[in-house]
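In the text below, chain A, chain B and the rest are named by the order of the sequence lines, each starting its count at 1.
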Amino acid sequence: MLDPRSLRREPELIAQALSKRGLVFDLDAYKELESSRHDLQTEMETLQHERNEISRTIGQAKQDGEDIEPLRLSVSEIGYRLDVVKQEFGKIREELDAFLLSIPNIPDESVPEGADEDDNLVLRQHGSIPEFNFEPKDHVDLAPDFLDLELAVKISGSRFSVLRGPLAKLQRALTQFMLDVHTEQHGYEEVYVPYVVNAASMTATGQLPKFAHDAFHVEHTEPMYLVPTAEVPVTNFVRDEILSADELPMRFVAHTPCFRSEAGSYGKDMRGIFRQHQFEKVELVQIVSPDESWAAFEELLGHAETILKMLDLPYQASVLCGGDLGFAAAKTIDLEVWLPSQRRYREISSVSNFLDFQARRAQARFRRKAGERPDLVHTINGSGLAVGRSLIALMENFQNGDGSVSIPDALRDYMGGIDSLKLTEIDGQK
RNA sequence: GGAGGGGUGGCUGAGUGGUCGAAAGCACUGGUCUUGAAAACCAGCGAGGUUAGCGCCUCCCAGGGUUCGAAUCCCUGCCCCUCCGCCA
C-alpha cells in the first residue's frame with residue numbers, strides 16, 4: 001500500500017509516477033472518496049465526542065442523585081444520528097480501503113520506461129552460450145522415461161508433472177545444494193513454513209485482493225490459499241510485529257512448492273515443465289531497515305547469481321521496465337538463464353525491492369531507538385532459484401550427443417558422486 | 001472427535017457497567033548516587049487515525065448486539081491451553 005498521507009498531500013505527483021506502469025490513476029474518483037471520508041470522519045468524531053461528554057455527565061449526575069432523564073434523551077438523539085453517519089463512513093472507508101489496496105507500488109526512479117518485457121533492459125551477461133555439434137533436444141525429449149506428463153494429466157490435469165528416478169533425485173539435489181549455499185555461505189536462516197495461508201497473509205504481500213484469480217484457494221474454516229511463493233508465509237513472519245532495531249536485518253531462505261493457477265496464461269509455454277501449476281522454488285527473503293534496503297537488494301541479487309555461477313549456467317540480468325513490473329515491487333531485476341531449445345534467455349529468478357509497500361500492508365515495523373515511534377521495515381525477496389526451471393536449464397545446457405546430461409561439479413556430492421546422468425531407460429532399468 | 005478452561009500493552013498479570021487506555025511487576029529509556037558497574041531511589045514509557053497546533057476520535061482476539069455509557073453483560077466466529085480418544 002502507498003502512504004495514504006503522501007497520496008492525500010500530492011495525488012497528482014503519485015499519479016504521474018504510476019503512469020510509468022502504464023496505469024491511469026483515477027484522480028477524480030480518489031479525490032471524491034477521500035473528501036467524503038474526511039467529512040464523514042469529522043462528523044462522526046464530533047458526534048462521538050458529544051456523546052462521550054454527556055455520558056460522562058450522566059455518570060456524575062447519577063452519583064449526585066440528580067434527574068438524568070433529560071440528558072438521556074439528548075444523548076439518545078445523538079446516538080441515532082451517529083448510527084447513520086457511522087454506517088455511511090463504514091461504507092466509504094471500505095471503498096477507500098479497497099481502492100488503496102488496489103494501487104500498485106511506485107516504480108523506483110531507476111526503473112526504465114516501457115510497456116512489456118521487450119522493453120526490459122539487459123544489465124549484464126555471464127557465462128558462455130553452449131555450442132553443440134549435434135541438434136540439442138529440449139528437456140521433454142531428453143528425459144522420455146523419467147518426465148511423465150501424461151501420468152500427471154491423469155492424476156491432476158495439465159500443467160502438472162511427475163518426475164521419476166534420477167530426474168526426481170536431480171531436482172532434490174538442486175534444492176539441497178541451493179539451501180546449503182544460502183545457509184552456509186550467505187548467512188540465511190533456513191525455515192520450513194506452511195504451504196496453506198490465510199487471506200490476511202495474502203493481502204499483506206499483495207496477492208489479494210487484486211490477484212485472487214491467480215491463486216489456488218481452499219475452503220477450510222475460513223478461505224485459505226496455496227502459497228504462490230514462499231515470499232508469502234515468510235514475509236508474514238513480521239506481520240503486526242514491532243521489532244527492535246537490533247533484530248534487523250532478518251534473512252530467511254525457504255524451500256517450498258509454489259502453486260499458481262496461471263489462469264491468465266493459457267497457451268503460453270505449454271510444452272514441458274516450464275510453466276506449471278505446481279513447482280519447487282528456493283526463496284530468499286530479507287527484512288531490513290529502510291536505510292539498508294537498496295544495499296540488501298543488490299546483495300540478495302548477488303546471492304541468486306552465485307547459484308547460477310556455481311552451476312556454470314549462462315545467464316543475464318535484466319531490470320524490468322515499468323510496464324512489466326509486478327504489483328508490489330518498486331524495482332525488480334530478473335535473472336534469465338539460457339535455454340538452448342528456445343535459443344533465448346528465460347526467467348529463472350526475480351529479485352525485488354518492495355520498500356515499505358508490503359510492510360505497510362503487513363504493519364511490519366521496527367523501533368530505531370527505545371521510546372521512539374515505530375517505523376515501517378523494508379522487504380526484499382528473490383528466487384534463489386526456481387528449482388524446476390533450474391532443472392530444465394541444467395538438462396538442456398549440459399546435454400551430450402548420446403542423450404546423457406553432465407552433472408556440474410557443484411552438484412556431484414548431492415548426486416552420489418556421479419558426473420553424468422542417463423535419462424533414457426537402458427535394459428528396462430530405472 | 002468428546003469434556004473443561006482461556007484470549008488485556010514488548011512480556012507476566014489485575015481489572016465484572018461510569019475520569020480505564022487500563023493497577024502492579026518485569027523489560028526498556030533518562031536522571032540521582034558511584035572511580036566504573038550493579039543495587040537503590042526519582043521520572044518517563046502501548047498503537048492507529050485526524051489536526052498547523054491545542055486537542056479530539058478509535059483500539060483490551062474478530063464481528064454483531066444490549067445500554068445514555070462496554071475491557072467488563074449477551075450472541076457468533078477464530079485462536080490457544082488441559083484431559084480423554086485417534087493418529088504420522
Separation of [N] [atom2] from [X] [atom1] (nearest whole Å):
X: A:Arg368; N: B:rU29; atom1: CZ; atom2: C1'; answer: 18 Å
X: A:Glu94; N: B:rG63; atom1: CD; atom2: P; answer: 12 Å
X: A:Glu241; N: B:rG48; atom1: CD; atom2: P; answer: 14 Å
X: A:Ile242; N: B:rA47; atom1: CD1; atom2: C1'; answer: 6 Å
X: A:Leu40; N: B:rU50; atom1: CG; atom2: P; answer: 15 Å
X: A:His220; N: B:rG77; atom1: NE2; atom2: P; answer: 14 Å
X: A:Glu53; N: B:rG55; atom1: CD; atom2: C1'; answer: 12 Å
X: A:Glu372; N: B:rG46; atom1: CD; atom2: C1'; answer: 16 Å

Is the distance from the ring center of A:Phe259 to that of A:Phe160 below 6.0 Å?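 No; A:Phe160 has its ring centre 6.0 Å or more from that of A:Phe259.
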Are A:Phe216 and A:His277 close enough that their ring centres sit under 6.0 Å apart? yes
Hydrogens and angles aside, do A:Thr379 and A:Gln358 bring a side-chain donor and acceptor to less than 3.5 Å of each other? yes
So, A:Asn198 and A:Ser201: side-chain donor and acceptor under 3.5 Å apart, yes or no? yes
Classify the angle between the aromatic ring planes of A:Phe211 and A:His213 as parallel (below 30°), tilted (30 to 60°) or perpendicular (above 60°).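 Tilted.
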What class does the angle between the rings of A:His217 and A:Tyr225 fall in, given that below 30° is parallel, 30 to 60° is tilted and above 60° is perpendicular?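 Answer is tilted, since the angle falls between 30° and 60°.
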[atom1] atom, [N] versus [M]: distance in rounded Å?
N: B:rC75; M: B:rU66; atom1: P; answer: 15 Å
N: B:rC33; M: B:rC57; atom1: C1'; answer: 44 Å
N: B:rA38; M: B:rG49; atom1: P; answer: 36 Å
N: B:rU12; M: B:rG7; atom1: C1'; answer: 15 Å
N: B:rU8; M: B:rG13; atom1: C1'; answer: 9 Å
N: B:rC81; M: B:rU76; atom1: P; answer: 23 Å
N: B:rG46; M: B:rA23; atom1: P; answer: 10 Å
N: B:rA47; M: B:rC60; atom1: C1'; answer: 12 Å

Would one find a side-chain N or O of [X] under 4.0 angstrom from OP1 or OP2 of [N]?
X: A:Asn52; N: B:rC57; answer: yes
X: A:His49; N: B:rC56; answer: no
X: A:Arg93; N: B:rG49; answer: no
X: A:Arg367; N: B:rG46; answer: no

Counter-base of [N], judged by Watson-Crick or G-U geometry with both distances under 3.5 Å:
N: B:rG1; value: B:rC84
N: B:rG21; value: none
N: B:rC41; value: B:rG31
N: B:rC73; value: B:rG65

Scan residues 70-95 of chain A for pairs that pass side chain to side chain donor-acceptor pair (under 3.5 Å), counting only residues two or more places apart or in two chains.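 Residue pairs with at least one partner in residues 70-95 of chain A: A:Arg93-A:Asp97.
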Within the supplied structure, the quantity of interest is the number of heavy atoms (other residues, nucleotides, ligands) at a distance under 6.0 Å from A:Gln185 CD; does it exceed 12?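 Atom CD in A:Gln185 is packed in, count exceeds 12.
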Pairwise N/O distances under 3.5 Å, protein to nucleotides 65-70 of chain B:
residue	atom	partner	partner atom	Å
B:rC68	OP1	A:Arg72	NH2	2.7
B:rC68	O2'	A:Ser55	OG	3.1
B:rG69	O4'	A:Ser55	OG	3.3

A:Ile380 side, atom CD1; A:Leu300 side, atom CG - distance, nearest 0.5 Å: 7.0 Å
Pick the nucleotide of RNA chain B nearest each of A:Pro374 and A:Arg8; which residue has the one closer to the 5' end?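 It is A:Pro374 whose nearest nucleotide is closer to the 5' end.
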Reading RNA chain B from 5' onward, which residue's closest nucleotide shows up sooner: A:Glu50 or A:Pro4? A:Pro4
From the set B:rG49, B:rC57, B:rA47, return the single nucleotide nearest to any side-chain atom of A:Gln48.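 Of the options given, the side chain of A:Gln48 lies nearest B:rC57.
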With a non-hydrogen cut-off below 4.0 angstrom, is A:Gln41 in contact with a base, only sugar-phosphate, or nothing? sugar-phosphate
